[in-house]
Amino acid sequence: MIRVDYSKAYDNAAPLAGELSQAHTWLQEASGRGSDYVGWVNLPRDYDKEEFARIQAAAKKIQGDSKALVVIGIGGSYLGARGVIEFLCSPNYNLKKKSTPNIYFAGNGLSSDTLHEIVELLGDEDFSVNVISKSGTTTEPAVAFRFFKELLEKKYGKAEAAKRIYATTDKERGALKHLADSEGYETFVVPDDVGGRYSVLTAVGLLPIAVAGVDITSLMAGAGEMMETCRAADLEKNPAWQYAAVRSGLYRQGKKIEILGAYEPAFRFMCEWWKQLFGESEGKEHKALFPASVEFTADLHSMGQYIQQGERHLFETMVRFEKSEHEMKVPFDAADGDGLNFLAGKDMDYIATQAMDGTLLAHVEGGVPNVVVYAGRKNAFTLGELIYFFEYACGLSGYLLGVNPFDQPGVEAYKKNMFALLGKPGYEEMGAELRAKLGR
Ligand code: PA5
């Protein structure tokens with residue numbers, strides 16, 4: 001169960017209930033702006049069960065025949081899987097002794113050295129590839145895929161390589177879909193009505209997550225439970241309403257930045273996922289909170305200074321989880337050279353809780369409103385709840401802001417310039433103009 005405590009952030013969310021109710025109806029009835037892309041709203045109930053079974057079967061096959069899986073994708077076709085795997089299996093997942101394959105994320109940038117490093121790390125190991133692109137035409141993953149396709153074909157021959165390539169893309173359109181059909185790759189579908197940043201609970205996220213050994217049934221069950229909770233058109237009962245109200249209210253009061261954080265280093269990539277979710281959904285028409293993130297307590301020793309005393313244009317949302325899996329009690333030291341024997345026998349969770357509460361009070365006193373999102377134990381069910389909670393709150397919040405939360409017209413600008421500068425056919429004139437601007 002997710003609980004939002006905004007008592008240290010915002011006085012009275014009730015005046016926003018009317019706007020929330022309208023936004024809620026737009027989401028539930030698919031009748032607002034961008035309504036072609038609200039397939040994620042009922043996804044935890046309506047997902048394709050046959051495909052879900054194929055995902056599980058493919059994950060099992062990959063676990064059996066591969067020591068590594070290269071997951072190729074960018075933005076919404078990458079961040080969710082990485083966030084879930086790092087949170088539930090550890091940021092050190094690849095270093096751990098385990099029976100599941102290493103997971104390497106590729107195609108999420110254009111760094112030659114990063115690509116080279118993945119090829120080196122693969123070495124002679126047996127591996128498979130999951131190439132993920134809804135449009136099937138995104139440059140970064142498409143270029144990366146060429147490298148790993150070639151590597152697989154050299155290693156196994158074309159026919160065997162094709163059995164090790166899994167393509168997650170549109171059900172009928174795009175270069176990747178056509179390639180997959182002509183080469184005979186197993187394909188999984190990104191539903192038409194689910195945009196990239198809302199797609200972690202489709203095959204986009206689920207295949208890599210299942211390969212890492214996460215219980216995806218439990219992940220979906222958690223999301224399903226939160227989906228039911230979020231049906232309530234009631235500020236008292238709906239945590240997504242509360243969170244959307246508070247962040248919208250704070251924005252209207254002049255806050256410009258929301259910092260999401262947790263006292264769990266493993267949550268770092270979930271913050272990256274969240275940043276894309278809110279940044280790409282809301283950052284339009286020269287509006288919206290800038291989504292930033294921190295990892296506490298580490299960042300209290302770096303960004304903590306700014307948060308405490310820098311410009312007062314930010315607020316914090318901290319995600320707190322219940323008890324850790326492993327109890328770690330501080331050892332007693334007879335010499336007590338560091339003077340910490342007053343902590344001897346105390347559990348690390350207890351110490352972390354005091355740090356959380358102390359930091360919250362300090363930041364609030366320093367003028368930084370603090371929202372706390374209480375989540376359950378660190379497991380797949382809880383994460384499913386949290387994912388759906390943020391997705392639903394994001395849809396509501398985008399509507400409260402008055403933008404279409406489901407398009408991303410701004411991401412095209414850099415692509416056009418890049419294609420023009422790379423000399424893509426059809427972009428010659430634009431390329432000449434840009435080169436002139438760059439003085440080339
Ligand atoms: O959320 C989005 O729509 C984007 O971040 C996309 O996921 C990203 O640009 C990758 O697109 P595609 O999956 O089409 O390769």
Side-chain angles (χ1 to χ4, degrees), residues 33-41 43 70-84 105-110 115 129-149 165-180 185 187-209 269-284 288 291 293 387-388 390-395 397-398 403-419 424:
R33 287 173 78 185
S35 60
D36 287 348
Y37 293 96
V38 293
W40 56 271
V41 171
L43 189 72
V70 180
V71 179
I72 301 176
I74 194 165
S77 289
Y78 144 72
L79 286 165
R82 184 157 181 186
V84 173
F105 291 98
N108 51 64
L110 291 168
L115 202 55
V129 167
N130 180 198
V131 54
I132 308 167
S133 176
K134 180 172 177 169
S135 63
T137 56
T138 307
T139 311
E140 291 91 335
V143 169
F145 181 54
R146 284 200 175 204
F147 287 94
F148 293 101
K149 177 175 181 285
I165 297 174
Y166 302 83
T168 306
T169 188
D170 187 86
K171 68 176 185 310
E172 52 195 23
R173 283 170 306 213
L176 179 57
K177 174 64 181 162
H178 297 136
L179 182 67
Y185 307 150
T187 57
F188 297 96
V189 171
V190 193
D192 283 346
D193 55 2
V194 179
R197 58 192 174 276
Y198 291 86
S199 69
V200 56
L201 299 175
T202 71
V204 169
L206 294 178
L207 179 57
I209 291 168
F269 257 86
M270 284 308 299
C271 289
E272 296 302 319
W273 168 82
W274 171 90
K275 286 194 301 207
Q276 186 203 359
L277 181 66
F278 280 86
E280 206 169 71
S281 298
E282 295 195 308
K284 290 156 201 173
S293 65
I387 286 169
Y388 191 91
F390 279 130
E391 288 180 347
Y392 202 79
C394 184
S397 189
V403 300
N404 175 355
F406 306 114
D407 64 0
Q408 54 282 329
V411 298
E412 293 308 314
Y414 103 89
K415 288 187 197 168
K416 280 190 202 142
N417 285 359
M418 178 176 74
F419 289 146
K424 187 173 178 175

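Please read these numbers as outputs of a predicted model, since none were measured by experiment. Numbering of ligands and ligand atoms starts at 1, following listing order.
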Task: Under the side chain to side chain contact (heavy atoms under 4.5 Å, CB included) test, residues paired with Ala142 that sit two or more places apart - done: none
Task: Backbone of Val204 reached by a side-chain donor or acceptor of Thr202 within 3.5 Å - done: yes
Task: Backbone of Val194 reached by a side-chain donor or acceptor of Lys134 within 3.5 Å - done: yes
Open item on the list: Distance under 4.0 Å, heavy atoms only, partner ligand 1: which residues pass?
Closed with: Ile74, Gly75, Gly76, Ser77, Ser133, Lys134, Ser135, Thr138, Gly196, Arg197, Gln276, Glu280, Gln408
Task: Whether Thr187 side chain and Ala167 backbone form a donor-acceptor pair below 3.5 Å - done: no
Task: Side-chain donor or acceptor of Lys177 paired with backbone N/O of Gly136 under 3.5 Å - done: no
Open item on the list: Would the distance check show the side chain of Ser397 and the main-chain N or O of Cys394 forming a donor-acceptor pair, the cut-off being under 3.5 Å?
Closed with: no
